[in-house]
Amino acid sequence: MQPFSNSLFADAEASYDDAHYVIFGVPYDGTTSYKSGTRAAPHAIRAISYNFEPYMPDYDIELTDIPFTDLGDLFPEVDPAMVVDQVEDTVAMILSDGKVPVMLGGEHSVTIGAVRACMPKWYVVCDAHLDFQDEYRGSHYNHDCVTARVADLGIENIIIIGARSGSKEEFARARDHHLYTSEAVHDRGINVILDEVKSLIGSDTIYLSIDADAIDSCLTPGLGTPDPFGITHWDLRSVIRAVAPQAIGFDYVEVLPNDQEQTAAVAARMVREFIGCREHSLKRG
């Protein structure tokens, strides 16, 4: 691991041994299909995290009272399959030490390695794109193939929230799982959908992956593959609050820091939200 810059995530003050949560970054965008630059996202997310107060009023908790640490960034290989292996090894180490991995992308392909290490009962993803391509542009580990690779692991329980882009074949495959398009979220409301999601997952373990482009690109324009008519940042926070207590791993990916920091700011807040919500839930029992 090496820091991409001198700064790590704000308030990540615990030692690795004491930490409940372990942040690390993967500054990789080797299979980007439209705008490159998500490799700069871990630094941008960390930098703006210093903008926020440690106190989280919704939970009446100080972030500084939650033991979490930031290992810095992986030094990623060029081959996406090798990067997936690097991520898998890192997440496996964190899990073996009894901690919860929190990964900052980079592009979405890095999620494959994290899920491979966690092997949860459910994979929950918020994303504009279905990512059910078997291969794209010559690689089975392209960022457009993430959900397909997760399914290949034998994880049959997949929940997709916020999708609005994919081929006809991808939509057909996604409907074999649990698909809640952004249109469905808009029409039905996120709380109704999350009641269904919580009923589906019960008390099972999940891995939660957030692709920044799940949010409407008119709200957070710093995206490599922007797409309008998405869900809102409020919707996304509701997803995290609903399922974070059962998550054994979490990532936030595909931020392209070429805007006025809106997109990185949302990412930093959602990382804080995941840690704060999950810890608050555990303390409440």
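Quick caveat, the model's predicted, so the values are computed rather than measured.
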Pair [X], [Y]: side-chain N/O donor-acceptor within cut-off below 3.5 Å:
X	Y	result
Tyr55	Asp60	yes
Glu183	Thr181	no
Gln246	Ser203	no

Legend entry - Ring centre gap for Tyr28 and His143 strictly below 6.0 Å: no

Do [X] side-chain atoms and [Y] backbone N/O form a donor-acceptor pair below 3.5 Å?
X	Y	answer
Lys99	Ala19	yes
Ser167	Glu170	yes
Asp11	Leu63	no
Asp216	Phe229	yes
Gln86	Phe75	yes
Glu254	His108	yes
Thr69	Ser15	no
Ser165	His129	no
Asp213	Ala128	yes
Thr205	Ile248	no

Would [X] and [Y] pass as an ion pair if we require N to O under 4.0 Å?
X	Y	value
Asp152	Arg149	yes
Glu53	Arg272	no
Asp58	Arg241	yes
Arg116	Asp85	yes
Arg46	Asp73	yes

Could you grab the distance from atom [atom1] of [X] to atom [atom2] of [Y], nearest 0.5 Å is fine?
X	Y	atom1	atom2	value
Ser209	Ile160	OG	CD1	11.0 Å
Ile215	Leu223	CD1	CG	8.0 Å
Ile45	Phe9	CD1	CZ	8.0 Å
Ser281	Arg278	OG	CZ	8.5 Å
Thr90	Leu71	OG1	CG	8.5 Å
Ile158	Leu153	CD1	CG	9.0 Å

Legend entry - Over 12 foreign heavy atoms within 6.0 Å of NE2, His178: yes

Inset, instruction - For the pair His280 and Tyr59, name the ring-plane relationship: parallel under 30°, tilted 30 to 60°, perpendicular over 60°. - result: tilted

Legend entry - Steps toward side-chain hydrogen bond (donor to acceptor under 3.5 Å, both in side chains) verdict (Tyr207, Asp251): CA-CA 9 Å; Tyr207 184 94; Asp251 67 56; 2.6 Å; yes

Nearest heavy-atom neighbours spanning [X] and [Y]:
X	Y	value
Thr220	Gln262	CG2-O, 4.4 Å
Leu95	Ala117	CD1-O, 3.6 Å
Leu256	Gly224	CB-N, 3.8 Å
Cys145	Ser139	SG-O, 3.7 Å
Pro42	Thr38	CD-O, 3.9 Å

Inset, instruction - Before giving the answer on side-chain hydrogen bond (donor to acceptor under 3.5 Å, both in side chains), spell out for Asp235 and Thr232 the whole-Å C-alpha distance, their side-chain angles and the decisive distance to 0.1 Å. - result: CA-CA 5 Å; Asp235 295 330; Thr232 70; 3.2 Å; yes

Would you say [X] and [Y] make side-chain contact, with heavy atoms under 4.5 Å?
X	Y	value
Ile159	Val125	no
Thr263	Pro257	no
Val87	Val26	yes
Val100	Phe250	no
Met119	Ile155	yes
Pro101	Val22	no
Met270	Arg237	yes
Arg188	Tyr180	yes

Inset, instruction - Decide side-chain hydrogen bond (donor to acceptor under 3.5 Å, both in side chains) for Asp97 and Tyr16; before the verdict, give the C-alpha distance in whole Å, the side-chain angles of both, and the deciding distance to 0.1 Å. - result: CA-CA 9 Å; Asp97 290 330; Tyr16 180 82; 2.6 Å; yes

Inset, instruction - Decide yes or no on side-chain contact (heavy atoms from CB on, under 4.5 Å) for Thr111 and Tyr123, but give the supporting numbers first. - result: CA-CA 11 Å; Thr111 296; Tyr123 173 65; 3.8 Å; yes

Inset, instruction - Step by step, work out the side-chain contact (heavy atoms from CB on, under 4.5 Å) result for Val78 and Met82. - result: CA-CA 7 Å; Val78 175; Met82 295 176 70; over 6 Å; no

Inset, instruction - Using the side-chain contact (heavy atoms from CB on, under 4.5 Å) rule, take Cys126 and Leu236 through it: C-alpha gap first, then chi angles, then the decisive distance, then the call. - result: CA-CA 8 Å; Cys126 298; Leu236 188 57; 3.8 Å; yes

Inset, instruction - Walk me through it: do Val110 and Val253 pass the test side-chain contact (heavy atoms from CB on, under 4.5 Å)? - result: CA-CA 8 Å; Val110 301; Val253 299; 4.1 Å; yes

Legend entry - side-chain hydrogen bond (donor to acceptor under 3.5 Å, both in side chains) between Tyr141 and Glu135, intermediate numbers included: CA-CA 7 Å; Tyr141 293 93; Glu135 68 86 30; over 6 Å; no

